[in-house]
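Heads up: the structure comes next, in structure tokens.
By convention in this document, chain letters (A, B, ...) are assigned in the order of the sequence lines, proteins followed by strands, and residues within each chain are numbered from 1. Computation of the quantities below employed the complete heavy-atom set of this structure, encompassing side-chain atoms and omitting hydrogens, waters and symmetry-equivalent molecules. Keep in mind that this is a model prediction, so the values were computed, not measured.
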Amino acid sequence: MDKIRESILTKSHASKLERRGKIISFMCLGGICLIVLAIFIFIAYRGLATFTSDHVSIFKFLGGTKWNPEVTENGHPLVGALPMITGSFLITILATLLALPFAIGTALMMTDITPKMGTRILQPVLELLVGIPSVVYGFVGLTVVVPFMRSIFGGSGFGILAGTFVLFVMVLPTITSMTVDALKSVPKDYRSASLALGATRWQTIYKVVLRTATPGILTAIVFGMARAFGEALAVQMVVGNAALMPTSLVAPASTLTSVLTTGIGNTVLGTVQNDALWSLALILLLMSLAFNLAIHLIAKRGELKR
Amino acid sequence: MVNTILKTKNVKLKYGDFEALHGIDLDFNQNEITALIGPSGCGKSTYLRCLNRMNDLIDGVTVTGDFDFQGADVYADDYDIVDLRKQIGMVFQQPNPFPMSIYDNVVYGLRVAGVRDKATLDEAAQTSLKQAAIWDEVKNKLDQSALALSGGQQQRVCIARALAVSPDIILLDEPTSALDPHSSRQIEATLLQLKEKYTIITVTHNLQQAARIADKTAFFLSGDLIEAADTKQIFMNPEHKETSDFITGRFG
Ligand SMILES: Nc1ncnc2c1ncn2[C@@H]1O[C@H](COP(=O)(O)OP(=O)(O)OP(=O)(O)O)[C@@H](O)[C@H]1O
Ligand SMILES: [Mg+2]
């Protein structure tokens, strides 16, 4: 009797193991949270220094069009980030817009039009595209896209448009494969029901499949935009890196990331020049938060509709 | 005077190398309910899907045989499948309304057929929802998502959706198997009313259901049609031993 009592009251080996496992997972989770938090605090601390210790007005920073941190004007350093912010947004939006029709078309090929060929040929191609390092894209952009731009539009060839084309290829696989997932998650039943009602294949795709997959496709777009917004190396190689307000798509310009990658190694920690770069990093961080938020909102709204 | 609306002869179907139907001869009378019964895997759904050419969607399917629908060969090269599916509607085993409003679901078939006139659409929506015996339950929430309805209500919306394009024949593949007894009875009552205007072909695993609603019953067994006759005869006095074994529950 006592033996049974004892064995019930004392923890079994399995439940001890389970507890140990739980503790380890929680510690890992806590560690990750801590690291993320530390990164946030660090970037925020550094990024805000521009405004607190260097006394740059936040409006001058966000709205100023002159970026020249080494030079001071009326006692304030020239750190207007608008050219880079504009550059980043332009490149991101253009690349995503350009990629979208290709992504949806390719995804439809893979799910609805020629699923067999789609999965046999397009799937590996997409996976390959994802795996190519961004420096390679940048290099191809530099040797092919930039001269091409030069021959068509004149000038140096560097600029937003060259960046757009390079990013287009880079976000295409992301958007496509996520769109494929969204299309695949549309139940087969919807397709059969639509066809059985006398709809053609295109009507079915347009009215049922794409419409049902819209939240998923929007998520894919936002993911693509997040990727484009954060891409540094390849863009930096073709965008021209002139911190000027973009006046033309084929004139040298810059993005948040390109200014960061070119500048961060050449400044000294604690100087205005360095602080200003951290402020740019803070904008990037906030933007990626915004993208994440958008993804969650879309996912939630998609669920509600169901 | 009974009028035969659809005649099929020597229907054979292969999924790749596997022959699922071995030559089915079956005719359907206008304004009658025909029930297809038989053990699982005998080819009822497969046969049903031949009638509106839904099998065309499956890779590697070959269908042979004669299909005479109102004097035309359904499988002729120049036969318009889209048109066929407007005249032979289908309701599936699982209720599958689109993730749209009830109204948009019901008028879907008309919209894809190019009907834009609001009054026509409204009229058709109301008529077909009434025919499917669900109007009273949904008339105040036509703009709400059809997915928010119960399974039985969804299935009746699907029936309404099929009726809205005014088909001649409605195919139903176990329309009540996903529903509770009460909803099933409602659907049965609906079908009995519908046969005034439509020809109904339904697959069912529920023999009582076949006995209750069907005028004709066809018994399938492993890809063959064993016998097809008046429902009374099939249940009271079947010609074949297999049929009576199945009816009395000795197998299947
Ligand atoms: N898409 C398919 N590809 C290959 N074989 C199939 C396919 N659909 C059905 N079959 C086969 O064809 C035969 C008939 O199937 P079918 O679905 O028509 O049976 P059923 O009588 O409707 O059965 P149940 O009552 O379970 O619905 C089965 O042996 C099945 O395995
Ligand atoms: Mg079946």
Side-chain angles (χ1 to χ4, degrees), chain A residues 104 107-123 179-220 297-306, chain B residues 45 48-49 51-60 80-101 104-115 128 144-148 154 157-167 170-173 178:
Chain A
I104 292 183
L108 279 173
M109 285 290 281
M110 293 172 65
T111 57
D112 282 82
I113 300 169
T114 53
K116 266 206 193 129
M117 206 181 73
T119 37
R120 201 174 311 146
I121 300 173
L122 293 173
Q123 187 73 36
T179 304
V180 167
D181 291 342
L183 295 180
K184 275 192 181 150
S185 75
V186 175
K188 275 240 152 44
D189 282 1
Y190 291 171
R191 296 179 171 91
S192 344
S194 171
L195 293 168
L197 284 164
T200 62
R201 184 150 73 164
W202 288 111
Q203 285 173 327
T204 302
I205 287 176
Y206 174 71
K207 288 185 175 255
V208 177
V209 179
L210 285 181
R211 200 165 291 184
T212 313
T214 304
I217 297 176
L218 284 179
T219 310
L297 284 180
I298 293 167
K300 234 194 208 142
R301 291 217 25 209
E303 261 165 39
L304 281 186
K305 268 210 298 194
R306 257 134 232 273
Chain B
S45 304
L48 197 73
R49 282 198 303 266
L51 302 178
N52 66 342
R53 294 188 61 173
M54 285 301 274
N55 282 327
D56 292 17
L57 305 175
I58 304 170
D59 273 345
D80 184 355
I81 303 188
V82 165
D83 206 45
L84 171 74
R85 296 198 182 128
K86 278 178 194 139
Q87 294 174 61
I88 305 187
M90 187 169 216
V91 176
F92 296 78
Q93 178 169 3
Q94 290 294 331
N96 57 355
F98 301 123
M100 311 171 182
S101 72
D104 288 340
N105 262 283
V106 178
V107 301
Y108 182 87
L110 290 173
R111 285 209 174 122
V112 296
V115 179
S128 44
Q144 286 176 24
S145 169
L147 298 184
Q154 289 187 7
V157 167
C158 291
I159 294 178
R161 183 174 68 180
L163 296 176
V165 287
S166 15
I170 304 166
L171 311 175
L172 302 107
D173 193 350

Fill in: Distance in Å, A/Lys188 NZ paired with B/Phe92 CZ, rounded so as to fall on 0.5 Å steps
13.0 Å

Response to the item:
dist B/Leu57:CG -> A/Arg191:CZ (nearest 0.5 Å) comes out at 11.0 Å

Worksheet item: Given the options A/Thr204, A/Val186, A/Leu197, A/Thr200, which has more heavy-atom pairs under 4.5 Å with chain B than any of the others?
Response: A/Leu197

Fill in: chain A contacts, top residue of B/Arg161, B/Gln94, B/Met90 (heavy-atom pairs, under 4.5 Å)
B/Arg161

Worksheet item: Looking at B/Met54 and A/Ser192, what are the two nearest heavy atoms and their distance?
Response: CE-O, 3.3 Å

Response to the item:
In terms of heavy-atom contacts, B/Met100 and A/Lys207 come closest through CE-O, 3.6 Å

Worksheet, complete the sentence: Heavy-atom closest pair (B/Asn52 atom, A/Ala196 atom, distance to 0.1 Å) is ND2-CB, 4.3 Å

Fill in: Residue part contacting chain A, namely of B/Asp59, when any heavy atom lies under 4.5 Å
side chain

Worksheet entry | Under 4.5 Å from a heavy atom of chain A, the part of B/Pro97 involved | backbone

Worksheet entry | Nearest-0.5 Å distance that lies between atom CZ in B/Arg53 and atom CG in A/Leu195 | 12.5 Å

Worksheet item: Looking only at heavy atoms, which two atoms of A/Tyr190 and B/Phe98 are closest? And how far apart?
Response: O-CE2, 3.3 Å

Fill in: Side-chain (B/Asn96) to main-chain (A/Asp189) donor-acceptor, under 3.5 angstrom
yes

